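Both backbone and side-chain heavy atoms feed into the values below; hydrogens, waters and symmetry mates do not. Since this is a predicted model, take the numbers as computed values, not measurements.
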Amino acid sequence: MFYFCKMKKTKEEIIEEAMAYFKEGYACSQSTFLPYAKEFGLDEKQALAVSSTFGGGMGRLRRTCGAVTGAFMVLGMKYGNTTPDDMDSKLNSYRKVRELNKQFAGVMGSSVCKELLEAVATQNQVERREHHRLVCDKCVKTATGLVYDLISED
């Protein structure tokens with residue numbers, strides 16, 4: 001496990017960094033994951049690559065929101081099991097994932113990309129990529145902040 005004692009940056013700094021990545025053009029999953037990956041000492045290129053395919057609800061499948069899956073990756077770094085027989089860590093990390101998903105859906109109304117988009121954007125707006133400012137910005141901010149709170153509890 002990669003436990004760390006204390007975040008070097010504040011919640012606001014982490015959210016600001018995530019939003020800067022998103023505004024630069026990185027996927028929601030990358031934008032949420034990368035500020036934390038740095039805190040865990042992961043190489044930036046590897047962190048970007050590993051989180052790259054989760055944007056758009058996992059490869060634009062419009063399933064679980066990419067910002068949420070980026071946050072799930074953070075939970076894996078903090079709580080995930082590194083041996084197959086470490087069931088305590090595995091089950092605890094799953095519990096954390098469910099909690100984050102519940103909190104995110106409580107704030108946003110859903111954690112499903114398609115549902116998030118349909119609630120605020122027309123298909124035409126999505127095709128013109130206007131959905132970022134309509135909903136995705138808030139998804140990145142929300143997921144980044146919620147995972148900060150969860151990993152800072154311990």
Hydrophobic cluster membership, Val97 vs Tyr148, 4.5 Å side-chain cutoff: yes

Donor-acceptor pairs are to be reported for all side-chain atoms of residues 51-65 against protein atoms at under 3.5 Å, with residues two or more places apart or in another chain.
| unit_1 | atom_1 | unit_2 | atom_2 | d |
| --- | --- | --- | --- | --- |
| Ser51 | OG | Ala47 | O | 2.7 |
| Ser51 | OG | Leu48 | O | 3.4 |
| Ser52 | OG | Ala49 | O | 2.8 |

Connected via hydrophobic side-chain network under 4.5 Å: Tyr94 and Leu75: no

Ser93 side, atom OG; Arg98 side, atom CZ - distance, nearest 0.5 Å: 9.0 Å

Co-membership, hydrophobic cluster, residues Leu34 and Phe40, 4.5 Å side-chain: no

Other residues, nucleotides, ligands: >12 heavy atoms within 6.0 Å of Glu99 CD: yes

OG1 on Thr142 to CG on Leu116, rounded to 0.5 Å: 9.5 Å

Interatomic distance, Leu100 atom CG to Arg95 atom CZ [nearest 0.5 angstrom]: 12.0 Å

Minimum side-chain heavy-atom gap Leu117-Gln125 below 4.5 Å: no

Minimum heavy-atom distance Val147-Ala71, with the two atoms named: CG2-O, 3.6 Å

Closest non-hydrogen atom pair, Gln46 against Asp43: N-OD2, 2.9 Å

Qualifying residues under salt bridge (charged side-chain N to carboxylate O under 4.0 Å, His left out), relative to Glu44, sequence neighbours excluded: Lys38

Side chains of Thr122 and Asn124, donor plus acceptor under 3.5 Å: no

Tyr36 (side chain) donor-acceptor with Thr144 (main chain) under 3.5 angstrom: yes

Nearest-0.5 Å distance, CZ of residue Phe72 to NZ of residue Lys96: 13.5 Å

Within-4.5 Å side-chain heavy-atom neighbours: Met87 and Asn81: no

Single-linkage hydrophobic cluster Met19~Val74, side-chain heavy atoms < 4.5 angstrom: no

Minimum side-chain heavy-atom gap Ile151-Tyr79 below 4.5 Å: yes

CZ-SG distance between Phe22 and Cys28, expressed to the nearest 0.5 angstrom: 6.0 Å

Short side-chain to backbone donor-acceptor contact, Thr32 and Ser29, under 3.5 Å: no

Heavy-atom side-chain contact between Met108 and Val68 under 4.5 Å: no

Closest contact, heavy atoms only, Leu146 versus Gln103: CD2-OE1, 3.3 Å

Minimum-distance pair of heavy atoms, taken over all atoms of Tyr26 and Ser31: O-OG, 3.5 Å

Value rounded to 0.5 Å, distance of CZ in Arg133 from NZ in Lys138: 15.5 Å

Hydrophobic cluster membership, Leu91 vs Met73, 4.5 Å side-chain cutoff: no

Heavy-atom closest contact (Met77 atom, Leu42 atom, distance): SD-CD1, 3.2 Å

For the student: nearest non-hydrogen atoms of Lys8 and Glu39, plus distance: N-OE1, 2.9 Å

